[in-house]
Enquirer: 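What follows is a single structure, and I will ask about it in a moment.
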Amino acid sequence: MSAKIIDGKAIAQDIRNEIKAEVEQIVASGKRPPALAVVLVGKDPASQVYVTNKRKACHALGITSIEHLLDETIEEKHLLELITKLNRDDGVDGILVQLPLPKKIHEPNILEHIAPEKDVDGFHPVNVGRLVANTPALRPCTPAGVLEMLKRTGIDLPGKKVVVLGRSNIVGKPVATLLLHESCTITTCHSRTCMLNDITKTADIVIAAIGKPKYVKADMIKPGAVVIDVGINRIDEGLVGDVDFENVKKVAGYITPVPGGVGPMTIAMLMYNTLTAYKMRQRG
Ligand code: NDP
């Protein structure tokens with residue numbers, strides 16, 4: 001048996017096409033397109049690549065991209081002033097501050113300063129609270145991308161046993177919460193979890209978000225299970241996920257590759273959130 005490969009690139013392209021069509025309609029009706037402001041502090045090479053990819057994605061979909069490239073010596077109070085300005089700017093729908101920030105800047109201060117209705121990363125405590133309460137809000141991009149992938153692949157979710165590996169604020173906890181709202185039964189594992197193999201073996205769906213190359217092995221997976229690999233690890237042989245793809249695919253029913261799985265979904269969901277923020281703000 002070999003698992004069906006879930007093609008994140010193709011699913012992400014479908015989402016991008018849908019967004020592009022909606023933006024075209026907005027512009028055709030005489031309104032301005034949605035606008036995303038991206039703030040980058042310093043010259044971290046990985047962050048520069050992410051910001052470039054976000055700009056390209058905006059341009060491809062007709063979304064306005066506004067970039068603020070700041071020197072790493074910037075004072076926290078000046079960064080806060082910029083966020084205040086963007087919060088008040090009626091022409092800006094989404095604000096994204098590229099992480100990580102220089103050590104001397106306290107990240108939570110910055111993230112909590114972004115207006116929740118413009119928080120397209122979904123990290124503001126108000127949006128975290130709304131996620132837990134399952135009320136309308138901007139959802140964090142990677143977890144929302146994982147859910148969208150499962151739904152668009154036709155995986156039936158209610159009643160499924162899901163094991164999430166990782167409990168970070170940006171992936172593990174929100175993805176577990178989103179799937180709980182889909183009536184899955186959730187187990188969240190972390191670095192102190194005992195007998196991990198016994199737990200993962202019971203799962204209908206395994207979501208790996210631990211940042212350990214090829215950590216999830218074939219003998220940890222129930223035959224036919226769905227395996228979603230969020231991990232991105234750079235090793236000598238190239239980019240790999242948290243799942244031992246070549247061997248796990250012989251056991252699983254469905255599996256996402258790395259690259260080409262969850263990664264493209266994250267940026268598609270950022271574009272989706274920018275459009276959603278625009279529509280929410282237009283409605284008032
Ligand atoms: P963090 O480092 O913040 O969290 C890792 C989590 O994994 C922690 O909760 C940790 O447990 C847990 N963990 C570590 N080792 C084990 C283990 N052996 N068994 C079980 N749990 C373990 O990482 P992130 O959540 O930010 O990211 C996870 C991965 O996903 C990374 O590879 C990252 O690059 C990738 N990523 C990919 C994205 C995409 O777009 N595809 C977006 C965001 C992240 P504890 O809490 O006990 O320390």
Side-chain angles (χ1 to χ4, degrees), residues 5-13 15-16 38 44-47 49-54 56-57 96-101 107-108 111 120-123 128 131 139-150 162-179 186-203 206-217 219-221 227-235 237-245 248 255-273:
I5 312 292
I6 302 179
D7 185 345
K9 235 170 145 177
I11 299 173
Q13 191 55 52
I15 295 169
R16 287 159 77 124
V38 176
D44 175 63
S47 294
V49 172
Y50 292 140
V51 168
T52 302
N53 289 344
K54 285 163 190 170
K56 283 185 185 161
L96 183 147
V97 177
Q98 186 65 49
L99 302 179
L101 289 168
E107 268 178 20
L111 298 183
V120 283
D121 256 340
F123 295 157
V128 176
L131 166 65
R139 304 292 193 224
C141 301
T142 303
V146 168
L147 177 60
E148 201 58 30
M149 261 181 139
L150 290 167
V162 177
V163 171
V164 178
L165 304 182
R167 57 173 163 181
S168 73
N169 289 335
I170 64 165
V171 189
K173 277 189 263 186
V175 86
T177 307
L178 280 173
L179 287 161
I186 315 292
T187 304
T188 300
C189 301
H190 44 79
S191 66
R192 308 293 298 273
T193 298
C194 301
M195 316 281 277
L196 188 66
N197 290 26
D198 291 348
I199 299 170
T200 54
K201 268 238 149 195
T202 65
V206 174
I207 298 173
I210 59 177
K212 298 247 154 82
K214 303 187 188 185
Y215 186 87
V216 177
K217 305 290 183 203
D219 65 359
M220 295 168 73
I221 301 298
V227 179
I228 306 288
D229 190 352
V230 182
I232 300 178
N233 308 287
R234 197 168 287 282
I235 60 171
E237 67 184 74
L239 218 56
V240 298
D242 290 343
V243 175
D244 178 7
F245 180 82
V248 171
I255 190 167
T256 63
V258 177
V262 176
M265 294 299 293
T266 298
I267 202 143
M269 296 317 286
L270 173 66
M271 298 298 110
Y272 175 85
N273 276 355

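Both ligands and their constituent atoms are indexed starting at 1 by order of listing. Just so it is clear, the structure is predicted and the values come from calculations on it, not from any experiment.
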Enquirer: When only distance counts, is D242 in polar contact with ligand 1, meaning an N/O pair under 3.5 Å?
Expert: no
Enquirer: Heavy-atom contacts with I170 under 4.0 Å: which atoms of ligand 1 show up? List them by number with element.
Expert: 26 (O)
Enquirer: Without swapping roles, check the side chain of D242 against the backbone of I210 for a donor-acceptor pair under 3.5 Å.
Expert: yes
Enquirer: Under a 4.0 angstrom heavy-atom cut-off, which atoms of ligand 1 come close to G166?
Expert: 6 (C), 7 (O), 9 (O), 12 (C)
Enquirer: Return the CE to CD distance between M265 and Q13, rounded to the nearest 0.5 Å.
Expert: 11.5 Å
Enquirer: So which heavy atom in the protein is nearest atom 44 (C) of ligand 1, and how far is it from that ligand atom?
Expert: V171 CG2, 3.9 Å
Enquirer: Taking D229's backbone N and O only, do any of them form a donor-acceptor pair with T256's side chain (distance below 3.5 Å, no angle check)?
Expert: yes
Enquirer: Which part of M265 is near ligand 1, with near meaning a heavy atom under 4.0 Å away: side chain, backbone, both or neither?
Expert: neither
Enquirer: With side chains defined as the heavy atoms from C-beta onward, is the minimum distance between V163 and C189 less than 4.5 Å?
Expert: yes
Enquirer: Just which atoms of ligand 1 are under 4.0 Å from any heavy atom in V262?
Expert: 41 (N)
Enquirer: For atom 20 (C) of ligand 1, what is the closest protein heavy atom, and at what distance to 0.1 Å?
Expert: H190 O, 3.2 Å
Enquirer: If you have a sec, work out which protein heavy atom is nearest atom 4 (O) of ligand 1 and how many Å separate them, to one decimal?
Expert: S168 CB, 3.8 Å
Enquirer: Might you confirm whether atom NZ of K217 has over 12 heavy atoms from other residues, nucleotides or ligands at distances under 6.0 Å?
Expert: yes
Enquirer: How long is the span from the CZ atom in R167 to the CZ atom in R192, to the nearest 0.5 Å?
Expert: 8.0 Å
Enquirer: Measuring from N53:CG to T266:OG1, what's the distance to the nearest 0.5 Å?
Expert: 11.5 Å
Enquirer: Considering non-hydrogen atoms of the protein only, which is the closest contact for atom 41 (N) of ligand 1, and what is the distance?
Expert: V230 O, 3.4 Å
Enquirer: Please state which protein non-hydrogen atom is closest to atom 22 (C) of ligand 1 and give its distance, to 0.1 Å?
Expert: I210 CG2, 3.4 Å
Enquirer: Looking only at heavy atoms of A209, does any of them come nearer than 4.0 Å to an atom of ligand 1?
Expert: yes
Enquirer: Can you pull out the closest protein heavy atom to atom 33 (C) of ligand 1? Residue, atom name and distance to 0.1 Å, please.
Expert: I232 N, 4.2 Å
Enquirer: Identify the closest protein heavy atom to atom 31 (C) of ligand 1: which residue and atom is it, and at what distance?
Expert: G211 CA, 3.6 Å
Enquirer: If we count only non-hydrogen protein atoms and require a distance under 4.0 Å, does atom 2 (O) of ligand 1 qualify as touching the protein?
Expert: no
Enquirer: Which protein heavy atom lies closest to atom 46 (O) of ligand 1, and at what distance to 0.1 Å?
Expert: R167 NE, 2.7 Å
Enquirer: Show the atoms of ligand 1 that are less than 4.0 angstrom away from any heavy atom in T266.
Expert: 39 (C), 40 (O)
Enquirer: Report yes or no: does N273 contribute a side-chain atom to a donor-acceptor pair with the main-chain N or O of V120 at less than 3.5 Å?
Expert: yes
Enquirer: Have a look at K214 and tell me which of V248, V243, D244, N233 forms a side chain to side chain contact (heavy atoms under 4.5 Å, CB included) with it.
Expert: D244
Enquirer: Atom CD1 of I5 and atom CZ of F245: how far apart are they, to the nearest 0.5 Å?
Expert: 3.5 Å
Enquirer: For T142, which part has a heavy atom under 4.0 Å from ligand 1: side chain, backbone, both, or neither?
Expert: side chain
Enquirer: Heavy-atom contacts with Y215 under 4.0 Å: which atoms of ligand 1 show up? List them by number with element.
Expert: 18 (N)
Enquirer: Which heavy atom in Q98 sits nearest to a heavy atom in Y50, and how many Å separate them?
Expert: NE2-CD1, 3.7 Å
Enquirer: Has the side chain of D7 got a donor or acceptor atom that lies under 3.5 Å from a matching backbone atom of G261?
Expert: no
Enquirer: Distance under 4.0 Å to a non-hydrogen atom of K212: what atoms of ligand 1 satisfy this?
Expert: 14 (C), 15 (N)
